Amino acid sequence: MKKIPLHWKIIIGMILGIIFGFIMNTVDGGKGFVTDWISPFGTIFINLLKLIAIPLILASLIKGISDLKDISKIKSMGLRTIIIYIGTTLVAIIIGLSIVNTVKPGAGMSEDTIAKIKMKYENDAGVIDKLEKASATKDAGPLQALVDIFPSNIFNSFAEAKMLQVIFFALFVGICLLLIPEKKAEPLVKFFDSLNEVVMKMVDLIMLFAPYAVFALMANVIIAFDDTEILLKLLNYAFCVVAGLALMIGFYLILVKVFTKKSPLWFLNKISPAQLLAFSTSSSAATLPVTMERVEEHIGVDKEVSGFVLPVGATVNMDGTSLYQGIAAVFIMQVIWPEGLTFTNQLVIIATALLASIGSAAVPSAGMVMLVIVLESIGFPAELLPIGLALIFAVDRPLDMCRTVVNVTGDATVSMMVAKSLDKLHDPKPKEWDDHYEAVK
Ligand code: ASP
């Protein structure tokens, strides 16, 4: 299999996993077999990716910043990143709202279907869990998100994978390394440089396992689908989300072409392993190490840019999620609260979906939790909330998989744009897992 490019191997794994999942759905005890004997391999893979995410952010950012030699560059990189992230997210929400208001997927849904969905999902543990998580988020004060960036104990931040706190710490260390004499900084810079190389090699090795892991992940997704009738009723809504997400990918390709002068197809080819993993894992955080490896080694973005832009993006830039939140909120209103469909409410959705996507964790179905906050901000009746979530619950997982692809692609695109604007986009130097293998074998 050595000659087959990685993304093809992953695609083959995915397709076989889907077929296997469907077969197991029809076999007696098949679901149990997948849960007990196949799915754990997907979990092991995700655990390994999460294992290296924090050391990778730390090493790559500290080394990158200490290479800058000019502190003012950090300010312009930060400012550009935030402005472009906000810009792309606004575009995503506007695309989403335009589609849902034109297609009106919720307008024709029959009372019968609504009653069926309500009965099946209103008291579902998944829906109740999302509502509980949303109310815990809402209870925090207005500046809590800012306070949360500053850690009081960095080991807690590592242990709880608090990405923004780790980024803050890495920036802090990186800047201080620039502010002390070069000779004194040298040992620590060398240490983080070496750590970065090691973790990048770990990504290469973990990716050897990716085609098998996506097989397990996809089989596990397929066995969770049981009610195809309800899925078909939600096809219009799902179509709107997928069409919006596809337009966003098109928008990124235009940005790549216009701002970095690189070929969009080349970009897609290089980033595709990260996209496929985003699809299989539904988590931009779990995909982050692979996104960083692809962007640094295969696209040619310098460490100081990718080490900052990508982890920040995985946490705060979720274009796919905000596009979905706009569509889902309006769809739910079309079905059960049409009187709320005012122009002002749609403007409020733009603002809250922007903030909600920043606040969403980069884990599966986090977007649905924050959707509750978007709905509450427009005065959506509290007693209708469980029905609202029930309406979209059945198709949430496949849509989550698709929106995570967009979230990851958006981060990669912005990292290229920021790198280009700072003259930090160079010819890539890809490294393979076995570059040095002969010597140590
Ligand atoms: N799963 C998404 C991500 O990790 C977040 C979401 O939309 O639920 O990017």
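Here the structure is a predicted model, which means the values were calculated and not measured. In each ligand, atom 1 is the first atom listed, and ligand 1 is the first ligand listed.
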More than 12 heavy atoms from other groups under 6.0 Å of CZ on Phe172: no
ring-ring contact (aromatic ring centres under 6.0 Å, His included) partners for Phe155, two or more places apart: Phe158
CA sep, side-chain torsions, deciding dist, call: Tyr85, Asp411, side-chain contact (heavy atoms from CB on, under 4.5 Å): CA-CA 8 Å; Tyr85 275 156; Asp411 298 343; 3.9 Å; yes
Pairs of nitrogen or oxygen atoms, one from ligand 1 and one from the protein, closer than 3.5 Å: please tabulate them with distances.
unit_1: ligand 1; atom_1: 1 (N); unit_2: Ser282; atom_2: O; d: 2.9
unit_1: ligand 1; atom_1: 1 (N); unit_2: Val363; atom_2: O; d: 3.2
unit_1: ligand 1; atom_1: 1 (N); unit_2: Asp400; atom_2: OD1; d: 2.7
unit_1: ligand 1; atom_1: 1 (N); unit_2: Thr404; atom_2: OG1; d: 3.1
unit_1: ligand 1; atom_1: 4 (O); unit_2: Ser284; atom_2: N; d: 2.9
unit_1: ligand 1; atom_1: 4 (O); unit_2: Ser284; atom_2: OG; d: 3.1
unit_1: ligand 1; atom_1: 4 (O); unit_2: Ala362; atom_2: O; d: 3.3
unit_1: ligand 1; atom_1: 4 (O); unit_2: Val363; atom_2: N; d: 3.4
unit_1: ligand 1; atom_1: 7 (O); unit_2: Thr321; atom_2: OG1; d: 2.6
unit_1: ligand 1; atom_1: 7 (O); unit_2: Arg403; atom_2: NE; d: 2.6
unit_1: ligand 1; atom_1: 8 (O); unit_2: Ala366; atom_2: N; d: 3.0
unit_1: ligand 1; atom_1: 8 (O); unit_2: Gly367; atom_2: N; d: 2.7
unit_1: ligand 1; atom_1: 8 (O); unit_2: Asp400; atom_2: OD1; d: 3.4
unit_1: ligand 1; atom_1: 8 (O); unit_2: Arg403; atom_2: NH2; d: 3.0
unit_1: ligand 1; atom_1: 9 (O); unit_2: Ser284; atom_2: OG; d: 2.3
unit_1: ligand 1; atom_1: 9 (O); unit_2: Asn407; atom_2: ND2; d: 2.8

Trace of the salt bridge (Lys or Arg N to Asp or Glu O under 4.0 Å) decision for Asp36 with Lys31: CA-CA 9 Å; Asp36 290 344; Lys31 284 189 184 190; over 6 Å; no
Between Ser110 and Thr113, a side-chain donor and acceptor under 3.5 Å: yes
Lys262 NZ: over 12 foreign heavy atoms closer than 6.0 Å: yes
